Undergrad: 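What follows is a single structure, and I will ask about it in a moment.
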There are 2 protein chains.
Amino acid sequence: MRYGHPWVCRRMMAEGMRITQTRMVVLDILARNPKRHLSAEEVFLMAHEINPSIGFATVYRTLDLLTRMGIIQKLEFGDGRARYELTEASKKVPHHHHLVCTECGKVIDYTDFTDEEKELLTKVERELSEKYNFKIKNHIIQFCGICNHCNERR
Amino acid sequence: MRYGHPWVCRRMMAEGMRITQTRMVVLDILARNPKRHLSAEEVFLMAHEINPSIGFATVYRTLDLLTRMGIIQKLEFGDGRARYELTEASKKVPHHHHLVCTECGKVIDYTDFTDEEKELLTKVERELSEKYNFKIKNHIIQFCGICNHCNERR
DNA sequence: ACGATAATGATAATTATTCTCAATAAAGAG
DNA sequence: CTCTTTATTGAGAATAATTATCATTATCGT
Ligand SMILES: [Mn+2]
Ligand SMILES: [Mn+2]
Ligand SMILES: [Zn+2]
Ligand SMILES: [Zn+2]
């Protein structure tokens, strides 16, 4: 069968993994929804519409696999369910961080200031990596607070 | 009764909250273990040793309360349980960020580079705050990767 | 097409966290 | 100190996200 995402497929094959229908469907859902922060359940529901035989457990397994491969990133915004989005490495999504409202859970992606941030981050990563002998794969940066909507309701 | 943490007590009273045994015990446990990243269960077990009548639900409630007050911070390192530590605002713990090993779950606190980081962070926070009309309370910065121990085991 | 086996789907099991509600204890008034 | 009000608590049940199990299936090199 023919699938998209040749870069991911190549990596999977190189590591002896099988390229399955479910894996491609899950990856495709994430690639087609770069702006959202999908939970496992949301991915499952969308996958289920494409192919009703896809199971919930496999969605979890696939999300975990893609996370370990560094293709997607698992994020926890404090509402008790993990969320997933493509990483910068996928080339489908720009490098960005998050603003999280602790009142309503709203999440804002921001790409501003990332040049300066990026520079410092690269430096910090390099030095931490050296000092602690730690192989850094990625990072999570979130600013937590109250969004404008929640602010006005006071 | 006489308790420590006068700063926290003052804030609680000012907001009409009651200063209870359980709250003080939980706060004390966190203040006495600044280096660890205690889970709710760990706090409960320690609280239970001090006063066996303290219940699990109240530990959760107190951790949530202290988090909302900005005295402690809730952290998720990806192992499925939240962890808590004092914030900088408590003056008992220095401003720091985290290195998280995605293999074994080890967490390293690092205080290096925080001067530069801090400066940029302050600037970013100010600008984001303005642009998105977002009242920023704190931030979470984590570098994820593989620790030296896990690296050597390959 | 075939065989070895990695991957899957259904479902049960686990586990962190939240909810419920009667009982308790903190704080202010007298 | 005693009394009253009511925020807070403890026990246990309930919820909900994630993980484990296991028989079945689909992938892929041959
Ligand atoms: Mn995002
Ligand atoms: Mn820490
Ligand atoms: Zn909000
Ligand atoms: Zn490790």
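Naming convention: chains lettered A, B, ... in sequence-line order (proteins, then strands); numbering from 1 in each chain. If you're wondering where the values come from, they're calculated on a predicted model, not measured in any experiment.
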Undergrad: I would like to know whether His98(B) and His139(A) meet ring-ring contact (aromatic ring centres under 6.0 Å, His included); could you show each step before the answer?
TA: CA-CA 10 Å; His98(B) 298 109; His139(A) 58 250; over 10 Å; no
Undergrad: Is the His37(B)-Phe77(B) ring centre distance short of 6.0 angstrom?
TA: yes
Undergrad: Need to verify one output field. Residue with the more 5' nearest nucleotide on DNA chain C, Thr20(B) or Tyr84(B)?
TA: Tyr84(B)
Undergrad: Starting at CD1 of Ile19(B) and ending at C1' of dA7(D), how long is that distance when rounded to a whole Å?
TA: 13 Å
Undergrad: Tell me whether Thr102(A) contacts the main-chain N or O of Gly145(A) through its side chain, where contact means a donor paired with an acceptor under 3.5 Å.
TA: yes
Undergrad: Is there a side-chain polar atom (N or O) of Ser39(A) under 4.0 Å from OP1 or OP2 of dA17(D)?
TA: no
Undergrad: Report the nucleotide, chosen from dT8(D), dT27(D), dG10(D), that has the shortest atom-to-atom distance to any side-chain atom of Arg18(B).
TA: dT8(D)
Undergrad: Closer to the 5' end of DNA chain C via nearest nucleotide, is it Met17(B) or Arg81(B)?
TA: Arg81(B)
Undergrad: Can you list the steps and then say if Ile50(A) with Asp28(A) is a side chain to side chain contact (heavy atoms under 4.5 Å, CB included)?
TA: CA-CA 11 Å; Ile50(A) 293 166; Asp28(A) 220 51; over 6 Å; no
Undergrad: Distance check needed: dA25(C) C1' versus Gln21(B) CD, whole Å only.
TA: 10 Å
Undergrad: Which is it for Arg18(A) and Met13(A) under the side chain to side chain contact (heavy atoms under 4.5 Å, CB included) test, yes or no, and what are the steps along the way?
TA: CA-CA 7 Å; Arg18(A) 292 179 180 176; Met13(A) 294 193 72; over 6 Å; no
Undergrad: Would you list the pairs meeting salt bridge (charged side-chain N to carboxylate O under 4.0 Å, His left out) in which at least one residue belongs to residues 57-66 of chain A, sequence neighbours left out?
TA: Asp64(A)-Arg68(A)
Undergrad: Could you state the CE-P distance from Met13(A) to dC28(D), rounded to the nearest angstrom?
TA: 6 Å
Undergrad: In whole Å, I'd like the distance from the NZ atom of Lys74(B) to the P atom of dA16(C).
TA: 13 Å
Undergrad: Does Glu76(A) come within less than 4.0 Å of Arg83(A), counting only side-chain N to carboxylate O?
TA: no
Undergrad: Among residues 61-73 of chain A, which residues get a heavy atom nearer than 4.0 Å to DNA chain D?
TA: Arg61(A)
Undergrad: When the distance from CG of Asp79(B) to C1' of dT14(C) is rounded to whole Å, what number comes out?
TA: 15 Å
Undergrad: Send over the distance from Glu76(A) CD to dA17(D) C1', rounded to a whole Å.
TA: 11 Å
Undergrad: What is the separation between atom CD on Glu42(B) and atom C1' on dA16(C), rounded to the nearest whole Å?
TA: 13 Å
Undergrad: Does the pair Glu88(A)/Lys118(A) count as a salt bridge with the N-to-O cut at 4.0 Å?
TA: yes
Undergrad: Answer yes or no: is there an ion pair linking Glu15(B) with Arg11(B), defined by an N-O contact shorter than 4.0 Å?
TA: yes
Undergrad: What parts of residues 43-60 of chain B reach DNA chain D, counting only heavy atoms under 4.0 Å away?
TA: Ser53(B), Ile54(B), Gly55(B), Ala57(B), Thr58(B)
